[in-house]
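Right, one structure below, let's go through it.
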Protein chains: 2
Amino acid sequence: MQLTQFTDLSLRLLIHLARLPEPGMATISEIAEYYEISRNHLMKVTNSLVNQGFIMTTRGKGGGIQLARPAYTIGVGEVVRATEPNMNLVECFDAPNNQCRLTRDCFLKATLYEAQRAFMAVLDKYTLADAARFGFKADLSTLSVDKPPST
Amino acid sequence: MQLTQFTDLSLRLLIHLARLPEPGMATISEIAEYYEISRNHLMKVTNSLVNQGFIMTTRGKGGGIQLARPAYTIGVGEVVRATEPNMNLVECFDAPNNQCRLTRDCFLKATLYEAQRAFMAVLDKYTLADAARFGFKADLSTLSVDKPPST
DNA sequence: CAATAAGATGCATTTCAAATACATCTTATT
DNA sequence: AATAAGATGTATTTGAAATGCATCTTATTG
């Protein structure tokens with residue numbers, strides 16, 4: 001259960017831009033250097049975000065990239081949906097190619113869908129403005145995915 | 001955002017067993033044939049489930065595999081946690097190897113954790129007995145992961 | 001209008017986890 | 001002994017994702 005690094009970088013790039021002071025412009029090279037990642041890879045991420053309408057670019061000297069909309073109008077869920085290449089949790093989510101013989105009467109599928117919807121619903125509660133907030137220092141021990149004690 | 005086929009097969013195998021009439025025994029070869037998947041692969045799945053205590057095996061003629069506990073005591077979430085090899089949604093979830101420069105004050109991490117917890121909480125509501133239920137025929141159009149209209 | 005700084009695009013290559021295959025080995029029944 | 005089942009370890013393949021490379025377009029500046 002992982003998101004691709006592509007999605008991870010998309011979110012980081014957007015957060016980076018959201019945190020910049022007005023006018024919130026940076027170059028791809030700058031950002032690649034900051035995160036110590038390949039400029040080429042970040043370029044791909046950038047173009048995808050441009051095509052999805054999340055950022056806009058200015059070419060030439062003095063150019064760079066900026067958010068295309070205010071941070072508080074960009075939902076985290078929206079970004080993940082637009083960026084993550086494959087949201088098919090299991091084979092049978094991909095109806096045209098599904099081979100599983102259980103499908104037509106399998107309650108598991110409904111369960112997994114419900115879980116995925118719950119996942120996305122949380123992301124839909126937050127915007128880039130939230131995600132870009134500084135100062136998060138929660139105790140990591142509270143961030144476990146283990147089942148909480150049922151008592 | 002996908003679970004591995006390994007996890008998918010683990011769940012299918014358990015559901016298969018849960019659906020069998022008493023005493024709920026089947027051979028790996030039978031199941032592999034039913035799902036049209038490699039016996040070898042299913043063998044790996046089987047062994048993992050044995051080691052996790054979900055199923056028990058009987059060797060030799062007349063043997064096979066069975067649930068080790070009643071289906072209603074086996075949580076879907078429990079199976080996923082035990083089976084899915086990597087629950088690190090993004091790089092920074094893997095603290096020892098994290099390289100991301102945002103980590104220490106990034107609200108995104110908390111958001112993703114919350115989403116993952118919501119995901120698992122749904123799976124924790126259901127057991128194998130639920131997942132093995134027959135007769136699920138929900139309209140697939142209700143199963144979308146798209147953001148619901150906010151009105 | 002040449003030089004330079006930025007992003008855009010297409011294609012090729014690499015990487016790595018996951019999946020698959022293969023070869024034995026162990027245990028139980030008949 | 002023969003056979004039917006699962007167990008284990010190793011090797012190989014596969015495919016999506018990541019990475020690299022080359023070239024093109026657009027804009028600014030002196």
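Numbered from 1 within each chain, the chains take letters A, B, ... in sequence-line order. Below, each value reflects all heavy atoms present in this structure, side chains not excepted, and no hydrogens, waters or symmetry copies. Since the model is a prediction, treat every value here as computed from it, not as a measurement.
For the residue pair A:L17 and A:I65, the shortest heavy atom distance occurs at CD2-O, 3.6 Å. Closest approach of B:R81 to B:D124, counting heavy atoms only: NH2-OD2, 2.7 Å. Considering all non-hydrogen atoms of both residues, B:T27 and B:G63 come closest at CG2-O, 3.7 Å.
Taking OG1 from B:T127 and CG from B:L123, the interatomic distance works out to 12.0 Å, rounded to the nearest 0.5 Å. How far CG of B:L89 is from CD of B:Q116: 4.0 Å, rounded to the nearest 0.5 Å. The line from CD of B:Q66 to CD of B:E22 is 8.5 Å long, rounded to the nearest 0.5 Å.
Distance CE (A:M1) to P (C:dA18): 14 Å, rounded to an integer number of Å. With rounding to whole Å, B:L3 atom CG is found 17 Å from D:dA16 atom P. Rounded to whole angstrom, the span from the CD atom of B:Q52 across to the C1' atom of D:dA7 amounts to 16 Å. Atom CG in A:N88 sits roughly 16 Å away from atom C1' in D:dA17 (whole-Å rounding). Whole-Å rounding puts the B:I55 CD1 to D:dA5 C1' distance at 13 Å. Counting to the nearest Å, the P atom of C:dG7 and the CZ atom of A:R39 are 6 Å from each other. B:N97 places its CG atom 13 Å from the P atom of C:dC16, with the value rounded to the nearest Å. Whole-Å rounding puts the A:N86 CG to C:dA17 C1' distance at 15 Å.
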For DNA chain C, what dot-bracket results from Watson-Crick or G-U pairs at under 3.5 Å, with [ ] for crossers and | for inter-strand partners? ||||||||||||||||||||||||||||||
Under the criterion side chain to side chain donor-acceptor pair (under 3.5 Å), I'd like the reasoning laid out for A:T4 against A:T7: C-alpha separation, chi angles, the key distance, then a yes or no. CA-CA 5 Å; A:T4 61; A:T7 299; 3.2 Å; yes
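Few gaps surround OH on B:Y34; more than 12 heavy atoms of other groups in view lie less than 6.0 Å from it.
With hydrophobic clusters built from ILVMFWY side chains whose heavy atoms lie under 4.5 angstrom apart, A:M25 does not share a cluster with A:V50. Criterion: ILVMFWY side-chain heavy atoms under 4.5 Å apart, direct or through other members. Under it, A:L108 and B:L20 are part of a common hydrophobic cluster. B:M56 and B:I28 fall into different hydrophobic clusters, where Ile, Leu, Val, Met, Phe, Trp and Tyr side chains are chained together by heavy-atom contacts under 4.5 Å.
Within residues 28-37 of chain B, no residue places a heavy atom under 4.0 Å from DNA chain C.
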For nucleotides 20-30 of chain C, give me one character per nucleotide, 5' to 3': B if any protein heavy atom sits under 4.0 Å from the base, S if the only such contacts are to the sugar-phosphate, - if neither. BBB---BBBS-
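Taking 4.0 angstrom as the limit, B:T57 places a side-chain polar atom (N or O) nearer than this to OP1 or OP2 of D:dA7.
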